[in-house]
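Within every chain, numbering begins at 1; the chains are lettered A, B, ... in the order of the sequence lines, protein sequences first and strands thereafter.
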Amino acid sequence: MLSIETVRREPEVVRRSLERRREDPGVVDELARLDAQRRALVAELDGLRAEANRDSKAVGEAMKAGDQEAAEGQRKAGREAGERIKRIEAAERDAEAKLRALLLTVPNILLDDVPDGGDESANAVTRQEGEPRSAESYGFELKPHWELAESLGITDFERGSKLAGRMFSVLGEAGARLQRALIAWMLDMHRQRHGYSERAVPYLVLRETMEGSGNLPKFADNLYHDDEDDLWLIPTAEVPLTGLHRDEILAPGTLPLRYMAHTPCFRREKAAAGTQVRGLKRLHQFDKVEMFQLVEPERSAAALEDIVEHASDVARGLGLPFRILELCSGDIGFQSAKTYDVEVWSPASEEWLEVSSCSNCTDFQARRANIRFRRKPQGRPEYVHTLNGSGLALPRVIIALLETNQQPDGTVRLPEVLVPYMDGQQVLEPAR
RNA sequence: GGAGGGAUGGCAGAGCGGACGAAUGCGGCGGUCUUGAAAACCGCUGUCCCGAGCGAUCGGGACCGUGGGUUCGAAUCCCACUCCCUCCGCCA
């Protein structure tokens with residue numbers, strides 16, 4: 001959520017950011033109108049309440065003085081003021097609710113250094129590591145991951161669909177073990193080398209928690225929801241991790257905070273309904289390791305670079321060629337002020353797969369979730385900046401791993417770092 | 001699911017319907033003392049909104065789990081809800 005003060009004082013900044021996102025800047029005027037309306041009501045209300053407070057006090061004094069007549073007069077005045085207050089209060093509440101509802105739909109203000117562009121074609125490749133090999137260079141016919149995964153016992157899509165419908169999978173023994181190894185290795189790396197503290201969080205959260213991270217009210221369509229208890233299935237661990245310090249004022253010296261969590265992620269993928277995506281590339285439920293940071297505002301730009309590096313370390317450690325994309329203004333998500341994507345190479349389909357999206361959400365989520373900090377014990381509270389990044393999304397890592405390391409006989413070599421996590425196993429072999 | 005108890009400032013913990021943004025203690029900050037530290041003593045110490053000022057700050061308003069109600073006036077009375085604790089039942 002933007003600060004209404006920003007909208008009031010620097011409307012042109014907000015407008016320019018919306019234009020760069022290819023969104024309608026008209027909301028800015030509507031916000032200004034609602035804000036002015038609300039402030040006028042607040043001023044009137046405060047005046048009336050001051051008056052009513054004086055009346056009440058006068059009743060007490062008159063009674064103490066034994067002047068029943070004066071007390072009754074003041075009592076009547078207070079009663080009348082109370083009635084007016086009730087009316088204005090209702091109007092003020094209404095104005096405030098309207099303002100907030102609209103404010104909740106406005107995306108974060110982009111950082112200045114975000115490259116301009118309308119869609120993903122304008123995203124800039126900032127760096128690449130490892131050579132993305134062509135399918136041809138392997139010297140044998142590469143199998144696409146969905147074939148490898150089925151033959152190696154990584155996936156069992158038929159049974160996945162039987163259990164839960166389309167875009168769900170069952171991981172077979174090899175897949176389940178491989179995923180568990182990857183998760184454990186990633187978490188260990190982020191803890192030991194990058195200083196993240198692990199959390200195990202709820203996968204179902206309250207509406208307020210979803211609002212805090214920015215997923216509601218705007219993106220309800222993409223979320224699974226339990227009507228009976230109004231609980232929402234998380235689309236990413238970013239949601240509960242953002243909620244962790246909701247309504248808190250962090251003491252001096254607390255920041256920066258680095259959290260990570262492994263969770264399943266649930267996405268309705270409504271937009272993808274009807275599109276043909278094979279295998280593990282797009283699922284309604286997938287596992288992910290998520291990194292999350294809370295930092296002082298002046299440190300968030302550097303922290304974003306750090307997170308990208310932490311995500312890169314995962315791809316690097318697995319020996320997967322990857323590249324970093326700097327998203328352009330039109331492609332950046334709602335909560336984010338600046339985003340980098342990390343993509344790994346899929347040699348069989350010869351395409352880059354997004355395995356991580358690293359975002360600096362500045363104070364946007366902190367404001368919604370009301371997460372503040374103090375620089376000094378008696379200092380004024382300020383909003384923190386929040387950042388998140390996948391580290392990494394598991395199904396697509398598995399895709400790249402299988403395709404990149406496959407051998408002519410249909411087996412797949414495992415990266416060295418995973419061997420200890422796989423009980424010494426070095427090669428995945430077709431299940432019989 | 002049933003019965004009972006509770007929710008007050010960073011923490012602990014008081015609070016006859018008016019003088020309560022709220023005693024007291026602890027903690028924190030600043031100071032006195034000290035070579036330094038501790039102890040002792042003194043002072044300060046919540047958040048948000050509106051308005052004024054470049055600003056230190058000042059004026060007004062709101063907030064004692066949340067939402068409603070009674071009243072001229074609610075931390076205090078009434079109702080509903082949420083969460084926590086204890087006991088019973090059920091359960092991985």
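- Straight-line distance between the P atoms of B/rA40 and B/rG59: roughly 35 Å, to the nearest whole Å.
- A/Gln378 comes within contact range of at least one nucleobase, with a heavy-atom separation under 4.0 Å.
- Under 4.0 Å is where a charged nitrogen must lie from a carboxylate oxygen, and between A/Asp113 and A/Lys338 at least one such pair does.
- Across every strand in view, B/rU71 sits unpaired, with no contact that passes the Watson-Crick or G-U test at under 3.5 angstrom.
- Comparing the C1' positions of B/rG6 and B/rA75 gives an interatomic distance of 15 Å, to the nearest angstrom.
- Rounded to an integer number of Å, the gap from CD of A/Glu96 to P of B/rG61 is 19 Å.
- Nearest to the side chain of A/Arg93, among B/rG60, B/rC72, B/rG68, sits B/rG68.
- At whole-Å resolution of the value, CG in A/Leu48 and C1' in B/rG51 are 16 Å apart.
- A donor N or O paired with an acceptor N or O is found under 3.5 Å between the base of B/rG60 and the side-chain atoms of A/Asp46.
- For the P atom pair drawn from B/rA56 and B/rG15, the interatomic distance equals 39 Å after rounding to whole Å.
- Annotation: A/Glu416, atom CD; neighbour count of heavy atoms from other residues, nucleotides and ligands within 6.0 Å does not exceed 12.
- OP1 or OP2 of B/rG51 has at least one side-chain nitrogen or oxygen of A/Arg39 nearer than 4.0 Å.
- By the side chain to side chain donor-acceptor pair (under 3.5 Å) test, A/Glu44 is found to be paired with no residue, residues two or more places apart in sequence or in another chain being considered.
- Side-chain nitrogen and oxygen atoms of A/Arg374 include none within less than 4.0 Å of the OP1 or OP2 phosphate oxygen of B/rG28.
- Checking side-chain atoms of A/Glu343 against main-chain N and O of A/Ile324 turns up no donor-acceptor pair under 3.5 Å.
- Put simply, CD1 on A/Ile85 is 8 Å from P on B/rG73, counting in whole angstrom units.
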query = Going through the distances and angles, do A/His284 and A/Tyr224 end up as a side-chain contact (heavy atoms from CB on, under 4.5 Å)?
reply = CA-CA 10 Å; A/His284 284 311; A/Tyr224 289 103; 3.1 Å; yes
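- Closest contact between the side chain of A/Pro377 and the listed nucleotides B/rG28, B/rG18, B/rC50 involves B/rG28.
- Between the CZ atom of A/Arg49 and the P atom of B/rC48 there is a distance of 18 Å, given to the nearest Å.
- Both A/Ile249 and A/Lys86 sit near RNA chain B, but only A/Ile249 has its closest nucleotide nearer the 5' end.
- Remark: the separation of the P atoms in B/rC64 and B/rG10 is 14 Å, to the nearest Å.
- Nucleotide B/rU34: unpaired (no Watson-Crick or G-U wobble partner with both distances less than 3.5 Å).
- One P atom belongs to B/rG55, the other to B/rC50, and the distance between them is 15 Å to the nearest Å.
- Between B/rA62 and A/Asn53, a contact under 4.0 Å exists linking OP1 or OP2 to a side-chain N or O.
- The gap from the P atom of B/rA22 to that of B/rG46 amounts to 10 Å, rounded to the nearest Å.
- The same atom, C1', is picked in B/rA38 and in B/rU47; the two are 35 Å apart, to the nearest Å.
- Using a 4.5 Å heavy-atom cutoff, the side chains of A/Pro430 and A/Thr411 are in contact.
- Under the Watson-Crick or G-U wobble criterion, with both distances below 3.5 Å, B/rA19 is left unpaired in every strand shown.
- Mapping A/Asp35 and A/Gly60 onto RNA chain B by nearest heavy atom places A/Gly60 closer to the 5' end of the strand.
- Taking a pair to require two hydrogen-bonding distances under 3.5 Å in either a Watson-Crick or a G-U wobble arrangement, B/rA62 pairs with B/rU47.
- Listed pair A/Arg380 / B/rC48 fails the phosphate criterion, with no side-chain N or O lying under 4.0 Å from OP1 or OP2.
- The partner of B/rA52 is B/rU57, judged by Watson-Crick or G-U wobble contacts that both fall below 3.5 Å.
- Here A/Arg79 does not reach the OP1 or OP2 of B/rU70: none of its side-chain N or O atoms lies under 4.0 Å away.
- The distance between atom CD of A/Glu51 and atom P of B/rG61, rounded to the nearest whole Å, is 12 Å.
- Counting any heavy atom pair closer than 4.0 Å across all strands shown, A/Arg367 reaches no nucleic acid atom.
- Nucleotide B/rC11 has B/rG25 as its partner under the Watson-Crick or G-U criteria, with both atom distances under 3.5 Å.
- Distance A/Glu72 CD to B/rU71 P: 13 Å, rounded to the nearest Å.
- For the C1' atoms, the distance linking B/rA74 with B/rC20 amounts to 11 Å, nearest Å.
- Between the CD atom in A/Glu23 and the OG1 atom in A/Thr105 there is a gap of 9.0 Å [rounded to 0.5 Å].
- Between A/Arg9 atom CZ and B/rG51 atom C1' the separation is 14 Å, expressed in whole Å.
- Between B/rG61, B/rC49, B/rG51, one nucleotide has an atom nearer to the side chain of A/Arg38 than all others, and that is B/rC49.
- Residue A/Arg372 places its side chain closer to B/rU47 than to any other of B/rU47, B/rG18, B/rG28.
- In terms of heavy atoms, A/Asp423 sits closest to A/Arg177 at CB-NH2, 3.8 Å.
- Pairing for B/rC83 is with B/rG6, a Watson-Crick or G-U wobble pair whose two hydrogen-bonding atom distances lie under 3.5 Å.
- To the nearest angstrom, C1' of B/rG51 lies 17 Å from CD1 of A/Ile4.
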